[in-house]
4 protein chains.
Amino acid sequence: MGKVKVAVNGYGTIGKRVADAVTLQPDMELVGIGKTRPSYEAVRAAERGYRIFIAGSGTKADFAAAGLATAGTAEEMIAAADVVVDCAPDKIGRENGKKYQAAGVRAIFQGGEKSDVAEMSFNALANFDRARDRKTVRVVSCNTTGLARAASVVVPHWGVESWEATIVRRAADPSESNRGPINGIVPTFQLPSHHGPDVRTIFPDLRTATTAMVVPTTLMHVHVNHVRLTRPPADATAVFQRFRSTPRFHVFAPWEHVDGTPQVMEFARDRPNGRPDMMENVLWEAGIRVDGPDLYFFQAIHQESIVVPENIDAIRAMFGLAEDGATSIAMTDKALSIPHP
Amino acid sequence: MGKVKVAVNGYGTIGKRVADAVTLQPDMELVGIGKTRPSYEAVRAAERGYRIFIAGSGTKADFAAAGLATAGTAEEMIAAADVVVDCAPDKIGRENGKKYQAAGVRAIFQGGEKSDVAEMSFNALANFDRARDRKTVRVVSCNTTGLARAASVVVPHWGVESWEATIVRRAADPSESNRGPINGIVPTFQLPSHHGPDVRTIFPDLRTATTAMVVPTTLMHVHVNHVRLTRPPADATAVFQRFRSTPRFHVFAPWEHVDGTPQVMEFARDRPNGRPDMMENVLWEAGIRVDGPDLYFFQAIHQESIVVPENIDAIRAMFGLAEDGATSIAMTDKALSIPHP
Amino acid sequence: MGKVKVAVNGYGTIGKRVADAVTLQPDMELVGIGKTRPSYEAVRAAERGYRIFIAGSGTKADFAAAGLATAGTAEEMIAAADVVVDCAPDKIGRENGKKYQAAGVRAIFQGGEKSDVAEMSFNALANFDRARDRKTVRVVSCNTTGLARAASVVVPHWGVESWEATIVRRAADPSESNRGPINGIVPTFQLPSHHGPDVRTIFPDLRTATTAMVVPTTLMHVHVNHVRLTRPPADATAVFQRFRSTPRFHVFAPWEHVDGTPQVMEFARDRPNGRPDMMENVLWEAGIRVDGPDLYFFQAIHQESIVVPENIDAIRAMFGLAEDGATSIAMTDKALSIPHP
Amino acid sequence: MGKVKVAVNGYGTIGKRVADAVTLQPDMELVGIGKTRPSYEAVRAAERGYRIFIAGSGTKADFAAAGLATAGTAEEMIAAADVVVDCAPDKIGRENGKKYQAAGVRAIFQGGEKSDVAEMSFNALANFDRARDRKTVRVVSCNTTGLARAASVVVPHWGVESWEATIVRRAADPSESNRGPINGIVPTFQLPSHHGPDVRTIFPDLRTATTAMVVPTTLMHVHVNHVRLTRPPADATAVFQRFRSTPRFHVFAPWEHVDGTPQVMEFARDRPNGRPDMMENVLWEAGIRVDGPDLYFFQAIHQESIVVPENIDAIRAMFGLAEDGATSIAMTDKALSIPHP
């Protein structure tokens, strides 16, 4: 078959990254992006040569006044696509889903939508094969992706009796200037938090209990995990070697002097190619401990980018573009300049 | 006996609060405070009528140039005291301890010193009686005090099989302008963190595992606790009622609209009397959950003030000023305008 | 005459402070406060013994469910008052004004309302006498109050040819957890900013040009002023001595080690009496420079409290409770424990 | 002549960017970088293929233990270079200068060093020609570069009677986790600030007065400028058109919805090529006003990158690689993917 035609509906934090990622894949082509109004982000889209389709309440006149060419309406974009990656704000995706269904086009939704928005919830390491030939797939949220990736390593190798995680969330993305708190911590009064059940959309049998809070930073989330194992490894070295040999994990060594998320994202900004993103789960050798059956580890999650390669793999699974998950992940990572073990 | 003569050596975040607290007690008097150099904090000390004794490398000339009267040297202050509350920066307390011992004066140290700095580690709810007639006592740190208080409720009532806590720490106190991070999260690469062992200086048999990280806020620490109970209560209501009926706990109701630490500290600033401090462990009804044998709860800890009433109680225990802990706590709380159940 | 009966309509950042301040004045009594819904702030109001009147869309049932007694409706409160201090959110005050007028009660509005909401705009140092016998008065905003106070010193003593100020604004109050930015600077795209014209509601002939931006802090605003003088003083010493001898200015000396707003607000928290507020304009000796005809100085403005004494003085002016501004200011400052030169 | 051989001594915020920039120039080659210890930044240097030379107290064993190859000592790097760009921390550059002189190699210093560290202070738009054939050149600091660029437009076109600027500085770079304040504003008690005199190292006759403060953000500095002009333009449109037609200025339009520095740096992260940097002075149409002879404008300065193209142009000037500044600037901007009018 020819390249899969991908439309990206919604051009915010996730949408713009998915659009870039699609253009880098050898087996996909970008139909265009759906955007409501002209903005600095539309300027960059135009510079990248993306065709802009007018979504929502947007008008051609608004774009024209800004000197930005448009290629039609979101409906026209959808009609021209094999699959739409919906990157609209939370809850809007579900509404948009009706249009995709009416147009007979397949769709990928993001984790801001509830799991019943699609036939299945997806993570490339965990359940690639289950997405084969699906009409609709949901890529789980950034935090759930981080947990699901980690579970994909821990569950098969050492067995999990119970998994607890505290999720310390960034309060806003770097481009948002109207969200707080500026100085304070806001607990999430949902105990356990929704992240545990969301992980079970992928690992139905995993015993999880998660808690969450919001803190005044824009860079990354940080998880503290405590996993009770059934077949524990000898020591932390066995653990970080295993993570290091798995795609989509990055483990920092002590001599790298990466004290926290400021240095992680500096490392991302220093990437020789591509966006200043950290699409891998980030761990630290010094942040892993095995104590009898108990595994403790920190991981940092770049909320803006971690789901991007997962969206690409979801497309490949839905359209049978790769024989298995490992093949797709390797293709995606190569295209996105993610180091692959 | 007459009033116990208390000297406060070191006049920073903790020292100034302990000095204020001493002056409010009917059975104690403040000899004075030890301070190294003139500063805006010394101005306030003078306004409050505290006698300033020159500590460390300070000189009388420096204070005189600032128009601040001094009452002698720290050595003279120590000699005039029955007990010194050492509030010097971490690690300095241990050095100072030699002077106290040489002067034959009793001493209280703070939790920044290791536990062997004193004969015992103290928390008023947990082990008041153990401090009777001691020459040296260590009041545990703010986070350990918060955990020890909570354990004082949970252990006797519901039994604890294991206690896990993630401690999300404020990066600086409000008056510090040279500490970061400004934007980022810094994990504490000690797994488990030192807080667990520190709690066991008070509850030797408690099975704890704690993890920690630092976030960019100045207001309060927040703990997420997961406790596996041996005799669990029926539901969260039983838990928050129990906490609410225990001194040094404050539990917010949902209709109070306290979303996080910004509102908690606003509530503290609105106190009708006394400093804008929150000397109680702060919990939320909505932030407590009982799930079979598992108890989950958030608590916020005001790092600047939570140990202040504990220092007062420690003095009372050392000098036999109260027949038991409950009596001392009631006296202290009344004097400090802490609501008492 | 008897005490002036004051109602405070709106119990947020300003309202709660004005209510406290009223209760401390010998010539005023607090009728009560208007509040829409129960909250942690209502709890403190009740603890302070304030009568709560139900405002806006609030219901008696809501307060009753929270265990909070109410004394009637806001309309009843207004009817019982000689003057209402309106502390409702911006723009609501104007609406409320109709009720006050209908009830035949005098009213004070805050600076969030446009100047035509009242007969005159007020600052105690600048134009106390103009408020005599007024039915309606507007106390200018925190930043304008800070500028007007400073102008009250500079204009008469050294003459002003032109006054430029850059106003670096705190993004949120400490109790607000939903406002940003968390990391970034947001310029105010109004050049000059509205502060200059607002100062001219008090100093009509002052040539001002102000600019503004918002930064991620909650503590205080900071102004940088550059004033071209017509009769410049000899040096900065003359300037800080003059400010220091004027009520409602606090000037820090270098040996106090007050580097910025974190230490200023720590100084406020260390007040021996009253709220942890800084009701004075805050200057630094080291932050003043005279260079020929040019005066440069920094001042920090505590947005939460600086207008509080001005509201009290406005009441006194409206009701003829003091023979002149100096007398009223002295009374207010004594009652509020503001040091008075 | 062949390519100029450039060594970059110091591989922090500026050094790594200069090294990248050198490798992109057709007329330069990178000898290597000087680095003291292995770190995550050294990992990226190695990935980019840069030869690492061991500087300061570093040892080959340390790098070897980290698995990082080294190419020799900093002294060897210097000996192999035509010019060293010194990017060591402030004050170290002056020390290093002795080595460069001893080795007979030319040198460029950064603005953290005082102006007498080199023969002249440099800005490409302002004084390219003055750097011809120099042995030592100092590229002025980020804030001074921003002001000097702006002066390069304003002075010749509209004449300057006086230039005032308030410089609101970011407190830390994004990768720094140990600098504050977290919540507060710290005025710079130097009135006027050093930026004014530093601008006069480039525009000796410019009448400047600058003030500064530090705020808790990591992204960009923001300047508010007030310039009294001798030949003012008709309106703000004339001003932003002029800036827009000058290299190294970027002017945002209102419809782009760039409210402040968070969106500016998001725009930088969305660059189709190169680092997520904003090497231009950033202005806003809405942030410019002409009022008679008075020009007001905001500009945002990306402290990490703005001097990078200036370092490249300085090399070109010193070695006669371009016939004039405009030619060099065009070459540099093309190589660095900076849009060029």
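Naming: A, B, ... by sequence-line order, numbering from 1 per chain.
Interface remark: of the candidates Met265(D), Glu304(D), Glu176(D), Glu304(D) forms the most heavy-atom pairs closer than 4.5 Å to chain A. Comparing Ala66(A), Gly260(A), Pro276(A) by how many heavy-atom pairs each has under 4.5 Å with chain D, the most go to Ala66(A). Ranked by heavy-atom pairs under 4.5 Å with chain D, the first of Pro262(A), Ala172(A), Ala65(A) is Pro262(A).
Scanning residues 15-22 of chain A against chain D with a 4.5 Å non-hydrogen threshold yields Lys16(A), Arg17(A), sorted by number. When the heavy atoms of residues 47-60 of chain A are compared with those of chain D, the residues falling under 4.5 Å are Glu47(A), Arg48(A), listed by number. Of all residues in residues 246-255 of chain A, those placing a non-hydrogen atom less than 4.5 angstrom from a non-hydrogen atom of chain D are Phe252(A), Trp255(A). Residues of residues 31-45 of chain A lying within less than 4.5 angstrom of chain D, judged on heavy atoms, are Arg37(A), Pro38(A), Ser39(A), Tyr40(A), Glu41(A), Val43(A), Arg44(A) in numerical order.
For chain D, the nearby parts of Arg269(A) are the backbone and the side chain; heavy atoms of each come within less than 4.5 Å.
Using a 4.5 Å heavy-atom cutoff, the side chains of Gln263(D) and Ser177(A) are in contact. Between Asp270(A) and Arg275(D) there is a side-chain heavy-atom pair separated by less than 4.5 Å.
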